[in-house]
S.K.: 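Below you will find the structure I want to go over with you.
Note that ligands are numbered from 1 as they come in the structure, with each ligand's atoms numbered from 1 the same way. Positions are given from 1, in the same order as the sequence printed here.
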Amino acid sequence: MTVEPLPLQKLPPDLDCNRLPKHVAVIMDGNGRWANSKGRPRIMGHQKGVDTLKNLLYCCRDWGVSALTAYAFSTENWGRPSEEVAFLMTLFERVLRRELQEMMSENVRIRFVGNLGKLPNSLQSEIAKAMEDTENNSGIQFTVATNYGGREEIVQACKAIAHKVQLNDISITDINEDLFEQHLYTQGLQNPDLLIRTSGEMRISNFLLWQMAYAEIYVTETLWPDFNRDEFHQALSNYQKRDRRFGKVNDSK
Ligand code: FPP
């Protein structure tokens with residue numbers, strides 16, 4: 001791995017530290033195309049994508065963004081060629097094993113969200129260890145969506161709530177948005193303020209469907225392995241120009 005934690009680098013002066021997104025979510029798209037454009041196998045794009053993600057994590061930390069969530073593997077990604085799926089599972093495991101110590105010393109809190117019980121057992125063990133070891137860290141919250149599907153997450157929340165009603169633990173009148181959020185994989189995590197998708201695709205692809213209700217969406221043509229601090233700077237600059245009204249009207253206008 002070529003990435004080293006950079007010394008603290010300041011927020012670019014044109015950005016307002018009081019108007020930063022607290023939580024940034026990323027759809028890391030374009031790894032395969034990046035590799036193909038260089039005449040390399042698709043998996044090289046995923047490998048390079050890990051470096052990009054680590055750089056972004058440190059950039060968020062350096063600039064004062066308190067949470068980063070990355071879409072690493074969707075429930076639909078099982079439909080990819082079996083060699084690519086196997087490579088990704090091994091990559092997640094290898095990266096977790098290799099990076100855990102550094103994540104501890106950098107005070108990062110790691111969490112995986114998704115239908116984790118369907119992942120290979122050895123990966124599940126690494127995930128459990130990473131989550132357990134870092135749970136008391138107080139630095140940036142890093143969430144990795146793996147075998148994640150927004151629709152599946154909503155359905156499992158409905159089932160869990162229905163079960164509680166059936167057992168008379170709660171009544172139907174107790175069901176509200178707060179209670180619903182408590183049954184999502186992301187329970188306790190604030191909703192993303194900004195979603196960044198690379199490679200020019202204008203879709204949310206079943207990612208954080210509930211949580212993204214009022215996220216600002218930023219799409220760049222840049223392929224994920226080439227996404228860097230300058231690109232993130234542009235995304236934040238664009239975000240700070242948005243007028244977030246949450247369905248209301250802006251009093252000052
Ligand atoms: C989408 O690009 C990328 C993925 C499905 C995998 C992303 C995973 C990583 C970058 C590894 C992250 C690792 C950890 C440990 C969190 P694509 O393959 O769909 O690209 P394409 O659209 O060009 O084909």
S.K.: Indicate if Leu57 and Ile127 have the same hydrophobic cluster label, given that clusters are the connected sets of ILVMFWY residues with side-chain heavy-atom separations under 4.5 angstrom.
M.R.: yes
S.K.: For the residue pair Gln141 and Arg109, confirm or rule out a side-chain donor-acceptor distance under 3.5 Å.
M.R.: yes
S.K.: Where on Val144 is there a heavy atom closer than 4.0 Å to ligand 1, on the side chain, on the backbone, on both, or on neither?
M.R.: side chain
S.K.: Closest non-hydrogen protein atom to atom 1 (C) of ligand 1, residue and atom name please, with distance?
M.R.: Met28 O, 3.1 Å
S.K.: Would Asn107 and Ser138 count as having a side-chain donor-acceptor pair, cut-off 3.5 Å?
M.R.: yes
S.K.: Taking Tyr218 for its side chain and Thr198 for its backbone only, find out whether a donor-acceptor pair lies under 3.5 Å.
M.R.: no
S.K.: Looking only at protein heavy atoms, which one is nearest to atom 12 (C) of ligand 1, and what is the separation?
M.R.: Phe92 CE2, 3.9 Å
S.K.: Any chance you could measure Thr186, atom OG1, to Glu153, atom CD, to the nearest 0.5 Å?
M.R.: 5.0 Å
S.K.: At less than 4.0 angstrom from any non-hydrogen atom of Leu53, what atoms of ligand 1 do you find?
M.R.: 16 (C)
S.K.: Could you list which atoms of ligand 1 come closer than 4.0 Å to a heavy atom of Ala72?
M.R.: 5 (C), 6 (C), 7 (C), 8 (C)
S.K.: Can you confirm whether Pro225 sits close enough to Asn31 that some side-chain heavy atom of one is under 4.5 Å from a side-chain heavy atom of the other?
M.R.: yes
S.K.: Counting heavy atoms only, which part of Arg80 comes closer than 4.0 Å to ligand 1: side chain, backbone, both or neither?
M.R.: side chain
S.K.: So if I count the atoms of ligand 1 from 1 in the order they appear, which ones are less than 4.0 Å from some heavy atom of Val95?
M.R.: 15 (C)
S.K.: Do me a favour and list the nearest non-hydrogen protein atom to atom 4 (C) of ligand 1 with residue, atom name and distance?
M.R.: His46 CE1, 3.8 Å
S.K.: For atom 11 (C) of ligand 1, tell me which residue out of Val26, Val50, Thr52 has the closest non-hydrogen atom.
M.R.: Val50
S.K.: I need the minimum non-hydrogen distance between Leu11 and Asp16, along with the two atoms involved.
M.R.: CD2-C, 4.4 Å
S.K.: Hey, is ligand 1 close enough to Asp29 that some N/O pair sits below 3.5 Å?
M.R.: yes
S.K.: As an exercise, identify every atom of ligand 1 less than 4.0 angstrom from a heavy atom of Arg33.
M.R.: 21 (P), 22 (O), 23 (O)
S.K.: Please determine if Asn77 has a nitrogen or oxygen closer than 3.5 Å to a nitrogen or oxygen of ligand 1.
M.R.: no
S.K.: Is the closest side-chain donor-acceptor distance between Thr222 and Glu231 under 3.5 Å?
M.R.: yes
S.K.: So is Ala70 in contact with ligand 1, going by heavy-atom distances below 4.0 Å?
M.R.: no
S.K.: Kindly indicate whether the side chain of Phe142, heavy atoms from C-beta on, has any atom under 4.5 Å from the side chain of Arg111.
M.R.: no
S.K.: Does ligand 1 come near enough to Asn31 that some N or O of the ligand is less than 3.5 Å from an N or O of the residue?
M.R.: yes
S.K.: Backbone N or O of Leu116 within a donor-acceptor pair of the Asn147 side chain at under 3.5 Å?
M.R.: no
S.K.: Within less than 4.0 angstrom of ligand 1, does Arg42 place any heavy atom?
M.R.: yes
S.K.: Any nitrogen or oxygen of Leu88 lying under 3.5 Å from a nitrogen or oxygen in ligand 1? Just yes or no.
M.R.: no
